[in-house]
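Scroll down for the structure; my scribbles are underneath it.
Quick caveat: nothing in here was measured; it's all calculated off a predicted structure.
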Amino acid sequence: MKIKQLTIILTILIGPFLIAQEQLRIEYELTEPEENFKYSDLPNALDIKVPKRYYELILNKDESIWKSFEKVDNNQNDGTVGRVTFFSPYGDIYKNVKEKVKMFEANLNSKKYIVKDSLQEINWKIMQESKEILNIQVNKAIYINKEKGIELIAWYAPKLNFKNGPDEYWNLPGLILEIENLTYFDDNSKMYQTYTATKIETLPQNKKIIKPTKGTIITQKELDKILEENFDKMKEMEGEGVDKD
């Protein structure tokens, strides 16, 4: 009888510890409506084809790496529609939720940088709604910032005890398995994105999560300044290229 009681006690004590020590790999699918890529200077008749994009989140209790990966798409472009292609100068995103730090590589102006800064604290509001993703119960949380024109809807899994999620999203009492991002712009246009988990698997605990190491370390603010300067140079070059009477 004492042995049985001891077994139950150890199961209760060790169970949460094992969950906390697990390493997981989660696949996410990014979906975006075609309206995100329709601009006033494009022909109205042009049918825009937006391919789905795929990402993976590899994480343990404190650290994670977020990266894109290729996946075969059976709905390949048949040549009758305009197809959006993507290029990013940024590398994989490293997060440490314990230290509240993010890091990622950036290649700009033929220079390599490592952007290192604090993770943004999101003031989530927990809601009463719930649903299931991959047969796992997830609860709803929202964040609205009218000044910045941002609305977020997150669905997190309390049973997966990781304060992490796709991209730079985090800071909920459970792993974020889906997030909807609606951004409003000054010209009354808007952009809508949804990351949804499509697969979860356990990894060996000895798989190391590696921080970015190549490049000059700068902050997010310094990166924003470089991007702004690049944008100003582009506008200046476009202005010089216009014929003047």
Next item on the list: Identify the heavy atoms of Q137 and P158 that sit nearest to each other, and give their distance.
Entry: O-CD, 3.9 Å
Checklist line | Side-chain heavy atoms of V97 within contact of N171, under 4.5 Å | finding: no
Checklist line | Validation row: L223, Y113 side chains within 4.5 angstrom (heavy atoms) | finding: no
Margin query: Applying a strict under-4.5 Å side-chain criterion to I, L, V, M, F, W and Y, I'd like to know whether L203 and Y55 cluster together.
Written below: no
Margin query: Return the CG to CD distance between N139 and E129, rounded to the nearest 0.5 Å.
Written below: 10.0 Å
Note to self: Quick check on side chain to side chain contact (heavy atoms under 4.5 Å, CB included): which of L175, I176, T198, I58 does I26 satisfy it with?
What the structure shows: L175
Next item on the list: To the nearest 0.5 angstrom, please state how far the CG atom of N181 sits from the CE atom of M191.
Entry: 6.5 Å
Notebook entry, point to check: Taking all non-hydrogen atoms of both residues, which atom of Y54 and which atom of E29 are closest, and how far apart?
Noted result: CE2-OE1, 3.5 Å
Notebook entry, point to check: Can you tell if the side chain of I114 reaches within under 4.5 Å of the side chain of Y94, non-hydrogen atoms only?
Noted result: no
Notebook entry, point to check: Distance only, no hydrogens: is a donor on one side chain within 3.5 Å (strictly under) of an acceptor on the other, for T196 and E178?
Noted result: yes
Next item on the list: Hey, could you give me the CG/CG distance between N230 and N109, rounded to the nearest 0.5 Å?
Entry: 4.0 Å
Check: Considering all heavy atoms of both residues, which atom of I209 and which atom of L59 are nearest to each other, and what is their separation?
Finding: CD1-CA, 3.8 Å
Next item on the list: Decide if the gap between the ring center of W66 and the ring center of Y28 is smaller than 6.0 angstrom.
Entry: yes
Note to self: If the threshold is 4.0 Å, N to carboxylate O, is there a salt bridge linking E63 and K211?
What the structure shows: no
Next item on the list: Taking the six-membered ring of W170 (Phe, Tyr or Trp), confirm whether the NZ or CZ of K95 is under 6.0 Å from its centre and within 45° of its axis.
Entry: no
Check: Can you tell me how far the OG atom of S64 sits from the CD atom of E168, to the nearest 0.5 Å?
Finding: 10.5 Å
Check: How long is the gap from CG on L177 to CD on E132, to the nearest 0.5 Å?
Finding: 11.5 Å
Checklist line | Sub-4.5 Å side-chain heavy-atom contact between I153 and T194 | finding: no
Note to self: If we check salt bridge (Lys or Arg N to Asp or Glu O under 4.0 Å) with R53, which of these qualifies: E70, E32, E27?
What the structure shows: E32
Next item on the list: Determine the minimum heavy-atom distance between A197 and I133, stating which atoms define it.
Entry: O-CG2, 3.9 Å
Next item on the list: Could you check if a side-chain atom of K146 sits within less than 4.5 angstrom of a side-chain atom of Y184, using non-hydrogen atoms only?
Entry: no
Check: Which residue, N164, T202, N60, L57, forms the side chain to side chain contact (heavy atoms under 4.5 Å, CB included) with L24?
Finding: T202
Checklist line | Heavy-atom closest pair, residues K221 and D117 | finding: N-OD2, 4.1 Å
Note to self: What's the separation between atom OG1 in T183 and atom NZ in K148, rounded to the nearest 0.5 Å?
What the structure shows: 11.5 Å
Notebook entry, point to check: In terms of heavy-atom contacts, does NZ of K140 have more than 12 from other residues, nucleotides or ligands at under 6.0 Å?
Noted result: yes
Next item on the list: Please step through side chain to side chain contact (heavy atoms under 4.5 Å, CB included) for the pair E121 and K100, ending with a clear verdict.
Entry: CA-CA 9 Å; E121 295 275 2; K100 300 181 180 180; 3.1 Å; yes
Next item on the list: Return the minimal non-hydrogen interatomic distance between F104 and G91, and the atom names on each side.
Entry: CB-O, 4.2 Å
Notebook entry, point to check: Shared ILVMFWY cluster between W155 and I200, side chains joined below 4.5 angstrom?
Noted result: yes
